[in-house]
Amino acid sequence: MMQAQPNSFPPVPPTARIVILTGAGISQESGLETFRDPDGIWAKVRVEDVATPEAFARDPDRVHAFYNMRRARHRTSAVVPNAAHAALARLEREWPGDVLVVTQNVDSLHERAGTTKLIHMHGVHSQARCNGCGHVVPWDGDMSTANVCGGCGRAGGLRPHVVWFGEMPLEMSRIQEALSVCDLFISIGTSGNVYPAAGFVRLIRRIGQAHTVELNLEPSRGANLFAESCYGPASQIVPAYVDGLLNGA
C-alpha cells in the first residue's frame, strides 16, 4: 500500500480551492455495500427492476420495497461515519481555502461526520420527491403508494429522492463551476465507471490547472488520468492524505 501523503509533489498552497469527489468506496468500511463490486448491490438486484423511472412506473411497490430496505439499513446503529468521513470534515474546518465535497453516495455519513459544504449529486435516501409537483421533503421511514404529497395532495407519486439510471444528476451546473476553478481535485472510493462523475478528471485535465489525486482501494478505470494516486483502505489513506495537506507536506 502506498503512503497517502502528497510529499512527492509541491505543497498545495493554503489558498487552493479543493473539490473532492466521493463514491461508495468511502462508505464501505461503515458497513454499506458498494454497487459494482462482484458481491455488490447490482450483483444481487437488477437495475432495471428497482432503479429506473420505468421500473417505478411498472411496479412502484417493488421499487419502494427495495428502497425501504436500503433506508432501514442506513438507519441501523452499526452504520456510522468512519475515519475517512471524519478526515474530510476536518479538512473543511481547518483548510484556509474553499473545500467542496461532491458525493455520489445517497447516505448521510458525510453530514453526520460534520461536512457542511456538500453536494449529493445522486440525491439522498432520507428525502422523498413527488413525481407530480417535484416537492421534496425529509423522509426517514418506509414509503408506499399510499403516501400523499404535502405539496400537491396527490397520492402514489412520492418516490425516493435519488437519481435513477436514465436521469440527470443533481446540481450539475454548480459542480461544473466548482471543477472549472478548483486547484486540487481528489477522487475517493470511486470505480470510474459511472458518468458524468467519471468524466470529472477528464474535464479538469482539459482545463489544465488543477492537481488531480486518486485515493482508492485499488486503481479505478480512469486511474491513469490522475497525476497522483494512493491505494488502500479509505479509513487509512484519506486521513493520512488530509494530514499531509494540513501539515504542508
Side-chain angles (χ1 to χ4, degrees), residues 19-27 32 34-36 40-42 45-60 62-64 66-67 70-71 74 100-111 115 117-139 143 145 147 149-152 154 156-182 185-207 210 212 220-222 225:
V19 174
I20 303 164
L21 172 68
T22 66
I26 197 171
S27 296
L32 294 179
T34 60
F35 286 86
R36 294 178 178 273
I41 293 171
W42 298 142
V45 182
R46 279 172 29 100
V47 167
E48 296 85 354
D49 292 336
V50 298
T52 67
E54 294 77 13
F56 187 69
R58 182 173 60 249
D59 193 348
R62 182 173 187 175
V63 173
H64 279 312
F66 173 76
Y67 284 97
R70 296 292 300 155
R71 200 177 298 110
H74 286 207
L100 174 67
V101 174
V102 177
T103 187
Q104 299 170 277
N105 298 338
V106 294
D107 61 60
S108 60
L109 293 173
H110 281 301
E111 295 96 321
T115 294
K117 297 175 183 177
L118 176 68
I119 295 175
H120 277 277
M121 64 181 294
H122 291 165
V124 287
H125 274 315
S126 58
Q127 292 180 342
R129 181 172 84 244
C130 178
N131 255 350
C133 69
H135 187 59
V136 177
V137 294
W139 201 280
M143 195 181 307
T145 55
N147 297 127
C149 172
C152 65
R154 174 190 169 195
L158 283 182
R159 53 164 281 183
H161 185 41
V162 299
V163 175
W164 285 329
F165 287 86
E167 296 181 328
M168 180 63 67
L170 308 176
E171 298 198 57
M172 284 304 299
S173 294
R174 183 181 167 199
I175 293 169
Q176 289 171 349
E177 180 180 358
L179 292 171
S180 70
V181 298
C182 76
F185 173 69
I186 308 171
S187 177
I188 303 172
T190 64
S191 65
N193 288 310
V194 181
Y195 284 84
F200 289 172
V201 66
R202 290 180 174 85
L203 172 64
I204 290 172
R205 280 169 60 93
R206 285 200 300 271
I207 297 170
T212 56
S220 71
R221 185 175 180 182
L225 298 173

Next item on the list: Would you please classify the geometry between the Phe56 ring and the His64 ring as parallel, tilted or perpendicular, with 30° and 60° separating the classes?
Entry: perpendicular

Notebook entry, point to check: Looking at residues at least two apart in the chain, or sitting in another chain, which of them share a side-chain contact (heavy atoms from CB on, under 4.5 Å) with Leu225?
Noted result: Val201, Arg202, Arg205

Notebook entry, point to check: Where do Gly192 and Arg221 come nearest, in terms of heavy atoms and distance?
Noted result: O-CB, 3.7 Å

Notebook entry, point to check: If we only count heavy atoms from C-beta on, is the Ser108 to Val124 side-chain gap below 4.5 Å?
Noted result: no

Check: Are Phe66 and Asp49 close enough that some pair of their side-chain heavy atoms sits under 4.5 Å apart?
Finding: no

Item checked: Flag side-chain contact, heavy atom, 4.5 Å: His122 against Pro169 -> yes

Next item on the list: Mind listing the closest non-hydrogen atom pair of Tyr67 and Ala51 along with its distance?
Entry: OH-CB, 3.7 Å

Note to self: Test: side chain to side chain donor-acceptor pair (under 3.5 Å). Region: residues 128-137. Which pairs qualify, not counting sequence neighbours?
What the structure shows: Arg129-His161

Next item on the list: Give me the one residue out of Gln127, Glu111, His125 that meets side-chain hydrogen bond (donor to acceptor under 3.5 Å, both in side chains) with His120.
Entry: Glu111

Item checked: Partner residues of Thr190 under the side-chain contact (heavy atoms from CB on, under 4.5 Å) criterion, sequence neighbours left out -> Leu21, Gln104, Ser187

Item checked: Spatial distance of atom CD1 (Ile188) from atom OG1 (Thr103) [nearest 0.5 Å] -> 9.5 Å

Check: Side chains of Cys133 and Arg154: does their closest heavy-atom pair fall under 4.5 Å?
Finding: no

Margin query: Between Pro160 and Arg71, is there a side-chain heavy-atom distance shorter than 4.5 Å?
Written below: yes

Next item on the list: Verify, without hydrogens or angle tests, whether Ser180 (side chain) and Glu177 (backbone) share a donor-acceptor contact under 3.5 angstrom.
Entry: yes

Checklist line | Atom pair CZ/CG of Arg159 and Asn147 - distance to nearest 0.5 Å | finding: 14.5 Å

Notebook entry, point to check: Please walk me through it: do Leu109 and Leu32 pass side chain to side chain contact (heavy atoms under 4.5 Å, CB included)?
Noted result: CA-CA 10 Å; Leu109 293 173; Leu32 294 179; 3.9 Å; yes

Next item on the list: With rounding to the nearest 0.5 Å, note down the distance linking NE2 in His110 to CD1 in Ile119.
Entry: 12.0 Å

Next item on the list: Work out which heavy atom in Val162 is nearest to a heavy atom in Glu167; give both atom names and the distance.
Entry: O-OE1, 3.7 Å

Checklist line | Separation of Leu100 CG from Leu118 CG (nearest 0.5 Å) | finding: 7.5 Å

Margin query: With rounding to the nearest 0.5 angstrom, report the CG to CD1 distance, Asn105 to Ile26.
Written below: 7.5 Å

Checklist line | Rounded distance [0.5 Å steps], CD1 in Ile204 versus CG in Leu179 | finding: 5.0 Å

